[in-house]
Amino acid sequence: MDLLHRRKINRKNEAASVELISLMYFYLSPSYIKTMFLEFKKEVEHLLKEALEKASYEYKELEAGLDLEESEHADIASRVAFPLARAYKQPPKIIAADIVNRLEIPAENTLISNAVAAGPYINFYANDFFLHKTLQRIKERIWVAEKKGKIIIEHTSANTDGPLHIGHLRNAIIGDVLVRVLKRAGFDVETHYYVNDMGRQIGVVVWGAERIAFDETKKADHAVADVYIAANRMVEENSDFLKGVEELMRKYEAGDEAVVKRYKAVVKKCLSGIKASLERLNIQHDLFVWESEFVRGGAVKEVIRELKQRGNIKFDGSALLLKLEGIEKELVIQRTDGTSLYTARDLAYHRWKSNRCDRVIDVFGKDHELVSQQLTKALQILGVKAPEFVIFEFVSLPTGSLSTRAGRYISADELIEKIEERAYEEVDKRRKDLVEDKKREIAREVGIGALRYDMVKVSPDKHITFDFKDALDIEKKGAPFIQYSHARACSILRTAEARGFSVTDYDAPVSLLTERSEKELITKLSKLEYVVEEAATALKPHLLAKYARELAESFNLFYKYCPVLNAEDELRKPRLVLVDAAKTVLSDVLHLLGAEAPEEM
RNA sequence: GGGCUCGUGGCUUAGCUUGGAUAAAGCACCGGCCUUCUAAGCCGGGGAUCGCGGGUUCGAAUCCCGCCGAGUCCGCCA
């Protein structure tokens, strides 16, 4: 069907021979592949296999397969000669040369220009058709090949006892970039914030709120933190107070109306402040799920009943302990006084999530790693599929670890405030010509971008010591660097349009783009979806940050070496197309990182 | 004490899953480039026993073992 449809379109358009070849290539592909780079890689694989067969090398037994890699020396390189050298007792150099001799690159319908043996390596290079198709795809904005199913991802989920601090920020930003990447990769994604409204901390805040007035002049979550810190001090000093807190918790769990009302008011107050902070960071959740719902709805009781039936349960008085395979400590799922525990509530939440999607992903701090294992094992007993975890290491301050209770934290708001202020200084210094509002807007976009980039660029399993001076250093190659490249592209396109040049004439001959920086930029552009796929599969958002920086570098080189507006007519056309495509991809990648793509800076 | 993670130029990191081409960037430092589309840019330079020791391999930052250092968890907290 699709094939016929394509053919019809094609008949109308026979003059465009490049397009014809493209469609023929389309049929030859084993299946529709959305990324040009991957398509190129597939073809390399195919030709390489053919050559290996002709030379009677048994590549199938090789563990590493064809050993393809991205390389600085070629568009794709193969190291397959190394393992073959071992198996056939020949120098890898000879084998590589032999393979290259037998390689038959088709005269047409190909993305490969040539292949060269460089010592033991076989280097493959892309041709003009590859470049053309890459730009074409970007123009058509084709990227989603198939629907891949539904994912529920939970991130941030900070306790509602105060504002978000920089530790939560890491969770939120890693989570949010993942959400964006997974959506781009074709998943239907639902984002959850799990509201821990039943914990002791919240009990302390509610208890405190009866005795200490909220400072209404402060942002809601900060006012809650003040009460929490003060109340916590009182409770620590007087054990009678602690009993009061526990009494509240019992009543809340039992559903005492007056208490529930008070709890809701406090949690919502704090949440409103947290939501405001997240919004400034371009982070949104689809659903805020309150853990108490699982208690009152009976889901927790049901989970415990099933675990009693199917799990290895130990009774310690009236408390319930669940023995999990491979884990030393038993998991306590019910207190002696019969009230529920976060573990059981979390199990109920995860079962509920699991029933509503194909994959469950949780973004957790390193301190929750054991919990994540226990969760997996316990869910297994319940017959619920295992969630996937993205575990990130801690953020600490030069003065030590973070603690809301001790008031030792840097709030997200404070950080956002300072970084926007810092960005404003830079904008103001460079752009005296802009009106105040515009300067503020750019400062906000640059500041938030810098902050987000800073948090996401580092691998999640790396411990971070937060340094204010470093975070405020806008000048380094982070988001502003990428945004600047985008602004430069926009600037060229603006001027071009003002002079009456077409910027979207994608039929302009790409074959005129022969400069190294031009080809490298296009090759870079072709890899966005490939990187998205990698980041989505491995759940590693920092891969995207790295790609974004490299893309901006490629664009800056092109910008430096290839004048666009002042090029001759014929050359200007394809260069404008390249700038337009680069702008599109830079903008896309910035949005995937959750940063804005300002048109000028 | 046990589990997990990290340790790469002065500082911050990428690369480690799947071992191969001079270990790749940024910050800082030194030197160059604005009469051409935004210099938040580009080019060049110095600077790394890839924590330490052993092992596997033709080949180890990457795999295995041991040690050292940092973080984190090992609650009827969340």
Side-chain angles (χ1 to χ4, degrees), chain A residues 63-65 67 69 71-74 77 79 81-83 85-86 91-92 118-121 123 157 159 161 194 196 198-202 291 316-321 327-329 332-339 341-343 345-346 365-371 373 391-394 396 401 423 426-427 429-431 446 450 454 457-465 467 470 473-485 487-496 499 538 540 542-543 545-546 549-550 552-553 555-557 559-567 575 579 600-601:
Chain A
E63 267 181 47
D67 227 342
E69 62 173 1
S71 161
E72 53 189 301
H73 307 278
R79 297 179 301 224
F82 282 110
R86 187 197 299 260
Y121 299 90
N123 289 337
S157 302
N159 284 334
D161 55 13
Y194 187 49
N196 303 299
M198 302 200 73
R200 185 152 274 141
Q201 296 95 320
I202 309 306
E291 64 171 339
D316 183 1
S318 52
L320 289 184
L321 309 177
I327 297 176
E328 287 292 322
K329 281 275 186 209
V332 184
I333 53 173
Q334 186 175 295
R335 289 198 186 93
T336 305
D337 67 3
T339 57
L341 228 45
Y342 77 98
T343 46
R345 301 192 290 258
D346 226 6
K366 185 71 177 170
D367 55 339
H368 281 56
E369 196 174 44
L370 180 61
V371 169
Q373 288 166 10
I391 305 273
F392 65 94
E393 272 286 1
F394 267 45
S396 58
S401 57
E426 291 301 319
V427 178
K429 194 165 77 193
R430 290 162 224 263
R431 299 297 301 271
V446 168
D454 233 28
K457 72 175 182 192
V458 180
S459 167
D461 46 30
K462 220 93 163 185
H463 174 255
I464 291 179
T465 303
D467 182 347
D470 233 41
D473 186 4
I474 299 274
E475 305 243 319
K476 63 190 175 189
K477 277 196 182 177
F481 175 79
I482 303 154
Q483 289 169 321
Y484 184 64
S485 303
R488 278 177 144 182
C490 289
S491 173
I492 292 176
L493 297 172
R494 255 197 317 272
T495 313
R499 293 189 193 170
K540 287 182 176 173
H542 72 284
L543 297 179
K546 189 181 170 231
R549 201 205 66 228
E550 288 171 356
E553 271 168 6
F555 181 79
N556 282 332
L557 282 181
Y559 184 93
K560 167 80 178 172
Y561 293 112
C562 301
V564 178
L565 297 172
N566 295 326
R575 279 191 177 165
V579 173
E600 59 179 318
M601 282 174 71

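Residue numbers start from 1 in every chain, and the chains themselves are labelled A, B, ... in the order their sequence lines are given, proteins ahead of strands.
- Distances shorter than 4.0 Å separate some side-chain N or O of A/Arg488 from OP1 or OP2 on B/rA39.
- Going from the C1' atom of B/rG69 to that of B/rG31 covers 39 Å, rounded to whole Å.
- Taking NZ of A/Lys546 as the start and OG of A/Ser459 as the end, the distance is 12.0 Å to the nearest 0.5 Å.
- Atom pair A/Phe392:CZ and B/rC4:P shows a separation of 21 Å (rounding to whole Å applied).
- Summary of the strand contacts: A/Arg499 and A/Phe394 both lie near RNA chain B, and taking for each the nucleotide with the nearest heavy atom, the more 5' one is attributed to A/Arg499.
- In this structure, A/Lys540 places its NZ atom 11 Å from C1' of B/rA14, rounding to the nearest Å.
- Nearest to the side chain of A/His368, among B/rA78, B/rG20, B/rA14, sits B/rA78.
- Whole-Å rounding puts the A/Asn556 CG to B/rC42 C1' distance at 8 Å.
- For A/Phe82 and A/Tyr121, the gap between ring centers is short of 6.0 Å.
- Going from the C1' atom of B/rC67 to that of B/rC58 covers 29 Å, rounded to whole Å.
- The two atoms that bring A/Arg488 and A/Asn556 nearest to each other are NH1-OD1, 2.9 Å, heavy atoms only.
- If you find the closest nucleotide of RNA chain B to A/Val371 and to A/Ser491, the one lying nearer the 5' end belongs to A/Ser491.
- Here the C1' atom of nucleotide B/rU5 and the CD atom of A/Gln373 are 12 Å apart, to the nearest Å.
- Here CD of A/Glu393 is found 10.0 Å from CD1 of A/Ile464. Values are rounded to the nearest 0.5 Å.
- The backbone N or O of A/Lys477 lies less than 3.5 Å from no partner atom in the side chain of A/Arg549, so there is not a single donor-acceptor pair.
- Across all strands, A/Ala85 comes closer than 4.0 Å to no nucleic acid atom at all (heavy-atom distances).
- A distance-only check finds a donor-acceptor pair linking the side chain of A/Asp337 to the backbone of A/Thr339 [under 3.5 Å].
- Of the candidate nucleotides B/rC37, B/rC42, B/rC77, B/rC77 has the atom nearest to the side chain of A/Arg200.
- Side-chain contact between A/Val332 and A/Thr343 is absent, with no heavy-atom pair separated by less than 4.5 Å.
- Donor-acceptor pairing under 3.5 Å, judged by distance alone, is absent between the side chain of A/Thr343 and the base of B/rA78.
- Taking atom NZ of residue A/Lys560 and atom C1' of nucleotide B/rG32, one finds them 11 Å apart after rounding to whole Å.
- Looking at heavy-atom distances under 4.0 Å, A/Tyr559 makes contact with a base.
- Residue A/Arg86 is classed as a base contact, given a heavy-atom separation below 4.0 Å to a base.
- Of the side-chain N and O atoms in A/Lys429, none sit less than 4.0 angstrom from OP1 or OP2 of B/rA40.
- A sub-4.0 Å separation between OP1 or OP2 of B/rG2 and a side-chain N or O of A/Lys329 is absent.
- A/His463 comes within 4.0 angstrom of sugar-phosphate atoms only, judged by non-hydrogen atoms across all strands, and of no base.
- Within the 4.0 angstrom heavy-atom criterion, no nucleotide atom of any strand lies near A/Cys490.
- Heavy atoms of A/Gln334 sit nowhere under 4.0 angstrom from any nucleic acid atom.
- The gap from the P atom of B/rU17 to that of B/rU62 amounts to 10 Å, rounded to the nearest Å.
- With distances taken from any side-chain atom of A/Leu370 to the nucleotides B/rC74, B/rC37, B/rA40, the minimum falls on B/rC74.
- Between the side chains of A/Asn196 and A/Arg345, not a single donor N or O lies within less than 3.5 Å of an accepting N or O.
- Closest to the side chain of A/Gln201, from the set B/rA78, B/rC6, B/rU5, is B/rA78.
- Remark: RNA chain B forms stems of 3 or more consecutive Watson-Crick or G-U wobble pairs, all pair distances under 3.5 Å, at B:1-7 with B:68-74, B:10-13 with B:24-27, B:29-33 with B:41-45, B:51-55 with B:63-67.
- Rounded to an integer number of Å, the gap from NZ of A/Lys546 to C1' of B/rC16 is 12 Å.
- Comparing B/rG9 with B/rG1, their P atoms sit 28 Å apart, to the nearest whole Å.
- To the nearest whole angstrom, the two C1' atoms, one in B/rU12 and one in B/rC29, are 16 Å apart.
- Between A/His542 and B/rU13 there is no side-chain N or O to OP1 or OP2 distance below 4.0 Å.
- Put simply, A/Arg335 has no side-chain N or O that comes within less than 4.0 Å of OP1 or OP2 on B/rG75.
- B/rG10 and B/rC4 have their P atoms separated by 31 Å, with the value rounded to a whole Å.
- Counting any heavy atom pair closer than 4.0 Å across all strands shown, A/Arg345 reaches sugar-phosphate atoms only and no base atom.
- For the P atom pair drawn from B/rU8 and B/rG51, the interatomic distance equals 6 Å after rounding to whole Å.
- When atom types are taken as modelled, the side chain of A/Thr495 and the backbone of A/Leu565 share no donor-acceptor pair closer than 3.5 angstrom.
- Among the heavy atoms of the strands lying under 4.0 Å from A/Tyr342 is at least one base atom, whether or not backbone atoms are also near.
- Residue-nucleotide stacking is present for A/Phe82 and B/rG20, judged by a side-chain ring centre under 5.5 Å from the six-membered base ring centre and planes under 30° apart.
- Remark: P of B/rC77 and CG of A/Asn196 are 14 Å apart, rounded to the nearest angstrom.
- The gap from the P atom of B/rG45 to that of B/rA23 amounts to 15 Å, rounded to the nearest Å.
- Contact annotation for A/Asp337: no contact, since no heavy-atom pair falls under 4.0 Å across all strands.
- For a distance-only test at 3.5 Å, the side chain of A/Asn123 qualifies as a donor-acceptor partner of the base of B/rA21.
- A glycosidic torsion no more than 90° from 0 defines the syn conformation; B/rC63 lies beyond that range and is anti.
- Looking at heavy-atom distances under 4.0 Å, A/Leu321 makes no contact with the nucleic acid at all.
- Between the A/Ser318 side chain and the A/Thr336 main chain, a donor and an acceptor come within less than 3.5 Å of each other.
- In this structure, A/Glu291 contributes its side chain and A/Met198 its backbone to a donor-acceptor pair below 3.5 Å.
- Distance CD (A/Glu550) to P (B/rA25): 10 Å, rounded to an integer number of Å.
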